[in-house]
Amino acid sequence: MQYKAWFQCINPECKDHYPLDMIIYRCKSCGSLLEVQHDMKALARRDAKAWKKLFEKRYKTTEWPYGSGIWGKKEWVLPQISNDNIVSLYEGGTNLFWAERFGKIIGLDNLWIKLCGNSHSGSFKDLGMTVLVSQVKQMISQGAPIQAVACASTGDTSAALAVYCAAAGIPSIVLLPKGKISIAQLVQPIANGSLVLSLDTDFDGCMRVVQEITKDETIYLANSMNSLRIEGQKTVGIEIVQQFDWEVPDVIIIPGGNLGNVSALGSGMLMMKDLGLIDRLPRIVVAQAERANPLYRSYLKNFETFEPIQAQKTLASAIQIGNPVSIDKAIRTLKQFNGIVLDATEQELADAAALGDTTGMFNCPHTGVALAALIKLINAGKVDRSERVVVISTAHGLKFSDFKVSYHEEKLGFPSRFANKPIEVPASVDAVKEALQHALKNRQAANK
Ligand SMILES: *Cc1c(COP(=O)(O)O)cnc(C)c1O
Ligand SMILES: [Zn+2]
């Protein structure tokens, strides 16, 4: 095998190694999280130009499995997996579009949205889950005693786990906080045949339980403390740069909860820089909900201290997390990428999502958090008009139609600045004409 990867402890004083086919989530010597480390010398034997050409040649082709955004970069992700064990639903390769009108409204000429929600299960979680479930399939084929794969979830991890396990024929178990996820997210693992356990607690409570039940090696842990997921998610940054013909954007904004995704974004960028595909790094901005903002609080103290908090209920339910498992990795990433952390109130995130929708987006509330953070950055003069900015949109808006309905019905407990209610009229031509005249006049006045 030409290329190699292994688990390595993230603690710089420890750096213990473990093979990728070992059932392990934390370092045995010091208890820190692990990360996947690649044999960079072997990867560097192919030059940057050749890597770019290879990635471009495979991008979105039907040559299985390389047309997947993840497996097109297989050598950088999980080089030792046999293609027979790959469980792929052609994840990745999502659209990156110029948000021209929204950008102009908020004061940017070069704003782009990376729409990770346009994916098989409707969120970026697919990028990591294809890697984890593929590795599980490989371990089972080698005789590992794994009977099922389990996760705690705020909704999207469980949807992704359920769908990839269903595709592979591997049983899955999901632990969900009762009443804290959207109906769409609840029905996804139900439809895909997962064992769905609804617990009367929050995400952090589910996370504690799943860590206990996966101490038994027959149940494999699929949360992002398992760094196999990070390996898949790291391709999002590589894909963005590839989509810009290998130009690095100035700023990337990402909503953060458990903080695996921001760590993954950084890791993909660093790998490109190490291997000479790019010569500079973007600035990374993490956006949190004000009601679940432990990273923001730590940022205000220059990351000198970190304290978990009790997360409060937020519309951005996928990031309602008070004790993020990847905190150390995220802080390391933010220090390397001249990082900024911002937070957004419920009203700010809801209005930002809705304003975006009026310009042709269809935002989930987490994307609303990122857009609200962007507006604050511009108002604070931290981003200039001409800079190329990318917002990572993490889930599909249709998963959160209950949020959108409540917003437009003005039932969120604060004013909805961009509410757009259906007009009820009798079914007669005259009544419709009259209603339209009135409504169009109002619109024109509002646009002045
Ligand atoms: C999981 C998730 C996030 C947060 O990602 P982390 O890696 O936990 O920081 C943000 N948005 C959506 C829609 C998610 O599903
Ligand atoms: Zn260690």
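In listed order, ligands and their atoms are each counted from 1. In this chain, residues are counted from 1 in sequence order.
Looking at I321 next to ligand 1, no N or O pair under 3.5 Å apart turns up. Close N/O approach between L259 and ligand 1 is found [any backbone or side-chain N/O within under 3.5 Å]. Note: no N/O pair closer than 3.5 Å links G256 and ligand 1 by distance alone. Taking distance alone, with nitrogen or oxygen atoms compared against 3.5 Å, T157 stays at or beyond that limit from ligand 1. The N/O atoms of T154, backbone and side chain alike, include none that comes under 3.5 Å of an N/O atom in ligand 1. Taking any N or O of Q233, backbone or side chain, none lies under 3.5 Å from an N or O belonging to ligand 1.
Using a 4.0 Å cut-off to heavy atoms of G260, the atoms of ligand 1 that qualify are 6 (P), 7 (O), 9 (O). Atoms of ligand 1 lying under 4.0 Å from any heavy atom of N258, numbered from 1 in the order shown and given with element: 6 (P), 8 (O), 9 (O). Listed by number with element, the atoms of ligand 1 under 4.0 Å from a non-hydrogen atom of D156 are 12 (C), 13 (C), 14 (C), 15 (O). Within ligand 1, the atoms closer than 4.0 Å to a non-hydrogen atom of H366 are 11 (N), 13 (C), numbered from 1 in the order shown.
Looking at S134 and N85, their side chains never bring a donor and an acceptor atom within 3.5 Å of each other.
Under the 4.5 Å side-chain criterion, counting only non-hydrogen atoms from C-beta, T154 is not in contact with S317.
A cation-pi arrangement is absent between K114 and F124, since the terminal nitrogen or guanidinium carbon is not both under 6.0 Å from the aromatic centre and inside a 45° cone about the axis. Cation-pi check for K73 over F55 is met; the charged atom lies under 6.0 angstrom from the ring centroid and within 45 degrees of its normal. Stacking of R283 on the aromatic ring of F337 is not recorded, the 6.0 Å distance cut-off and the 45° axial limit not both being met.
For atom 12 (C) of ligand 1, the closest non-hydrogen atom of the protein is T394 OG1, 3.3 Å. Residue, atom and distance of the protein heavy atom nearest to atom 5 (O) of ligand 1 are F124 CZ, 3.5 Å. The protein heavy-atom contact nearest to atom 14 (C) of ligand 1 is K125 NZ, 2.9 Å. At the shortest separation from atom 7 (O) of ligand 1 among protein heavy atoms lies N261 N, 2.8 Å.
Residue nearest to atom 4 (C) of ligand 1, selected from I392, I319, L295, T367: I319 (by heavy-atom distance).
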- Check step by step if side chain to side chain contact (heavy atoms under 4.5 Å, CB included) holds for F102 and L371. CA-CA 10 Å; F102 185 78; L371 295 175; 3.8 Å; yes
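Using a 30° and 60° split on the angle between ring planes, Y3 and W51 fall in the tilted class, from 30° to 60°.
Ring centroid separation for the pair F414 and Y407 does not come in under the 6.0 Å cut-off. Ring centroid separation for the pair H366 and F400 comes in under the 6.0 Å cut-off.
Among residues two or more places apart in sequence or in another chain, the side-chain contact (heavy atoms from CB on, under 4.5 Å) test is passed with D16 by C9, C14, Y18, C27, S29.
One finds an angle of 120° at the Zn ion (ligand 2) between SG on C30 and SG on C14, to the nearest 10 degrees.
Residue contact check for ligand 1: C364 places no non-hydrogen atom closer than 4.0 Å to it.
Here the shortest heavy-atom pairing between S68 and Y90 reads N-CE2, 3.8 Å.
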